[in-house]
Peer 1: 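I'd like to ask some things about the structure below.
When reading the values below, keep in mind they use all heavy atoms of this one structure, side chains included, and skip hydrogens, waters and symmetry mates. Numbers restart at 1 for each chain; the letters A, B, ... are given by sequence-line order, proteins then strands.
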Protein chains: 2
Amino acid sequence: MTPAARRVLEAAGRLFYERGIHAVGVDLIAAEAGVTKKTLYDRFGSKEQLVVEYLADRDERWRAFLAPRLAASASPQGRVLAVFDASRDWTNANSPRGCSMVNAHAEIDDPSHPAYALINGQKQWMLTLLTDLVRPLVPATADSLGRTLMLIHEGALVAHGLRIFPGALDHAREQAAILLAGAADPGSAN
Amino acid sequence: MTPAARRVLEAAGRLFYERGIHAVGVDLIAAEAGVTKKTLYDRFGSKEQLVVEYLADRDERWRAFLAPRLAASASPQGRVLAVFDASRDWTNANSPRGCSMVNAHAEIDDPSHPAYALINGQKQWMLTLLTDLVRPLVPATADSLGRTLMLIHEGALVAHGLRIFPGALDHAREQAAILLAGAADPGSAN
DNA sequence: CGTCGAGTATACAGATCGGTTTAGTATGGA
DNA sequence: TCCATACTAAACCGATCTGTATACTCGACG
């Protein structure tokens, strides 16, 4: 990726996330990147493709942010909680307005849009991750617990983005810890 | 509200929800409503105001949908579960693409936009409702349990809208029931 | 009978949209 | 030296955007 392309992607990412995809025009992106529209179209071809690369880049950076924290956790419980810790730090630093995938989904109705598969894939990856992390703890009910953790996690991202109440991700982490403790205990419902 | 205004609001609500607010122009709304643009602007004044009335109307209809189900439940537990049941039926009938408030929020960056207060008010209303419903059960920890239920509920709406896994609202209801059962039990955490 | 509100039809305005085109500059490697 | 790549500058395209203006019809109501 050329330096100009990197600046375009940075500007597009910032503007798309803060103002919404349809609300941001390519002229503004080019201007903010200090680049002409010709360069933008030479590198990305279309606004649609730029949207796809924006989402792919954000997902990639999130996974790179999460990976070392997962690797640093020794226990399954610790790894699940590391996901919530990482989400808290990530949202505080990069996502005041909630999940970029969810927000982008709100603006894209066409399921054949190339961003659709990316958005769905990202959520499936998170669900699979959480489910796989709890499988050693609760082999029989890993799917159910994974889904519950997913709901709490997604709910916390929304609550954070809409400022429903402060500390949503901390609260989510607490509840996740309780669920994990209850799951480890044999006589528990789930 | 005149018949033409009602048709405009119906068309706007359908199109805004299905395609996104910025993706739908007033010309299309007027055409779908079988109305001229002049009539639309005579009744609503601006697209922004139409957006506000779209969200207000949807919120009003949701509350009207929920109210009798709450009234029909005798116990606090039953009323909380009635919220999840109502959400499941409502989303199946009206919200294949998730919460209209969350989706609208993704498209509105300006906190001074009149829709902002409406969106925030709707979420605060839901949080207060859930918290007040569990207060008789757990007077000391109602705020915490209300927030947890809110996270699960919002997460389920997102999971439903993004098709993360099927039956998200049923799963949310199950988990809510477990939380309520655990909360009623004295020796429990939370 | 007269008036007023609600509506249609249509043209228009100015801005912005995504995207293209033409022309030219600077750089670095074969 | 030659040539491809990366870029700037700026004009241009047709379409669409929100919003307005003009002129008219129709029915209800006093």
Peer 1: Which pair of heavy atoms, one from B/L149 and one from B/L179, lies closest together, and at what distance?
Peer 2: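 Taking every non-hydrogen atom into account, CD2-CD1, 4.2 Å.
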
Peer 1: Counting distance only, does the side-chain N/O of B/N120 pair as donor-acceptor with the main-chain N or O of A/L162 below 3.5 Å?
Peer 2: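 Yes, because the side chain of B/N120 sits within donor-acceptor range (under 3.5 Å) of the backbone of A/L162.
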
Peer 1: Above 12 or not: heavy atoms from other molecules or residues under 6.0 Å from CZ of B/R163?
Peer 2: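 Counting other residues, nucleotides and ligands, CZ of B/R163 stays at 12 neighbours or fewer.
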
Peer 1: Tell me whether B/R43 contacts the main-chain N or O of B/T2 through its side chain, where contact means a donor paired with an acceptor under 3.5 Å.
Peer 2: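 Not a single qualifying donor-acceptor pair exists.
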
Peer 1: Between B/R58 and B/S95, does any side-chain donor sit less than 3.5 Å from a side-chain acceptor?
Peer 2: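 A donor-acceptor contact under 3.5 Å links the two side chains.
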
Peer 1: Which nucleotides of nucleotides 25-30 of chain D have their base under 4.0 Å from a protein heavy atom (B), which only their sugar-phosphate (S), and which neither (-), written as one string 5' to 3'?
Peer 2: ------

Peer 1: For B/W90, give me all partners under ring-ring contact (aromatic ring centres under 6.0 Å, His included), at least two apart in sequence or on another chain.
Peer 2: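 Per chain and number, B/W90 pairs via ring-ring contact (aromatic ring centres under 6.0 Å, His included) with B/W62, B/F65.
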
Peer 1: For DNA chain D, which residues of residues 9-27 of chain A approach it to below 4.0 angstrom with any heavy atom?
Peer 2: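 Listed by number, there are none.
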
Peer 1: Output yes when a side-chain donor or acceptor of B/R6 lies under 3.5 Å from a complementary backbone atom of B/M1, and no otherwise.
Peer 2: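 Side chain of B/R6 to backbone of B/M1, a donor-acceptor pair under 3.5 Å: yes, one is there.
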
Peer 1: So, does A/K47 use its side chain to make a donor-acceptor pair with the main chain of A/I21 at under 3.5 Å?
Peer 2: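 Side chain of A/K47 to backbone of A/I21, a donor-acceptor pair under 3.5 Å: yes, one is there.
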
Peer 1: Kindly state which residues belonging to residues 44-54 of chain A come within less than 4.0 angstrom of DNA chain C, counting heavy atoms of the residue only, listed by number.
Peer 2: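 Close to the strand are A/S46, A/K47.
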
Peer 1: Using a 3.5 Å distance criterion without hydrogens, assess whether the side chain of A/R7 forms a donor-acceptor pair with backbone atoms of A/G34.
Peer 2: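 The answer is yes, because a donor-acceptor pair under 3.5 Å joins these two groups.
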
Peer 1: If every non-hydrogen atom of A/R135 is compared with every non-hydrogen atom of A/D143, which pair is closest and at what distance?
Peer 2: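 For A/R135 versus A/D143, the nearest heavy atoms are NH2-OD1, 3.9 Å.
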
Peer 1: Looking only at heavy atoms, what is the nearest atom pair of A/I152 and A/Q175, with distance?
Peer 2: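 That closest heavy-atom pairing would be CD1-CB, 4.3 Å.
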
Peer 1: Which protein N or O atoms sit under 3.5 Å from an N or O of nucleotides 5-8 of chain D?
Peer 2:
| unit_1 | atom_1 | unit_2 | atom_2 | d |
| --- | --- | --- | --- | --- |
| D/dC7 | OP1 | A/T2 | OG1 | 3.2 |
| D/dC7 | OP1 | A/A4 | N | 3.0 |
| D/dC7 | OP2 | A/T2 | OG1 | 2.9 |
| D/dC7 | OP2 | A/R43 | NE | 2.8 |
| D/dT8 | OP1 | A/G34 | O | 3.0 |
| D/dT8 | OP2 | A/T36 | N | 3.3 |
| D/dT8 | OP2 | A/T39 | OG1 | 2.8 |

Peer 1: For the residue pair B/T131 and B/T128, confirm or rule out a side-chain donor-acceptor distance under 3.5 Å.
Peer 2: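 Judged by distance alone, the side chains do not pair up.
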
Peer 1: May I have the distance from A/Y41 (atom OH) to C/dC17 (atom C1'), rounded to whole angstrom?
Peer 2: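 Checked: the OH to C1' distance equals 9 Å.
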
Peer 1: In whole Å, I'd like the distance from the CD1 atom of A/I29 to the C1' atom of C/dC17.
Peer 2: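 Atom CD1 in A/I29 sits about 12 Å away from atom C1' in C/dC17.
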
Peer 1: In plain terms, say whether A/D85 and A/R69 are close enough for a salt bridge, that is, a side-chain N and a carboxylate O under 4.0 Å apart.
Peer 2: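 Answer for the salt bridge query: no.
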
Peer 1: Distance check needed: D/dG19 P versus B/L40 CG, whole Å only.
Peer 2: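 These atoms are roughly 10 Å apart.
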
Peer 1: Hey, what are the protein-to-nucleotides 25-30 of chain C N/O distances that come in under 3.5 Å?
Peer 2:
none

Peer 1: Would you tell me whether B/T141 and B/S144 have side-chain atoms, one donor and one acceptor, within less than 3.5 Å of each other?
Peer 2: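 Result is no, nothing qualifies.
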
Peer 1: Over all heavy atoms of both residues, which pair between B/S73 and B/R79 is shortest? Give the atoms and the distance, please.
Peer 2: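 Looking at all heavy atoms of both residues, the shortest contact is O-NH1, 2.9 Å.
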
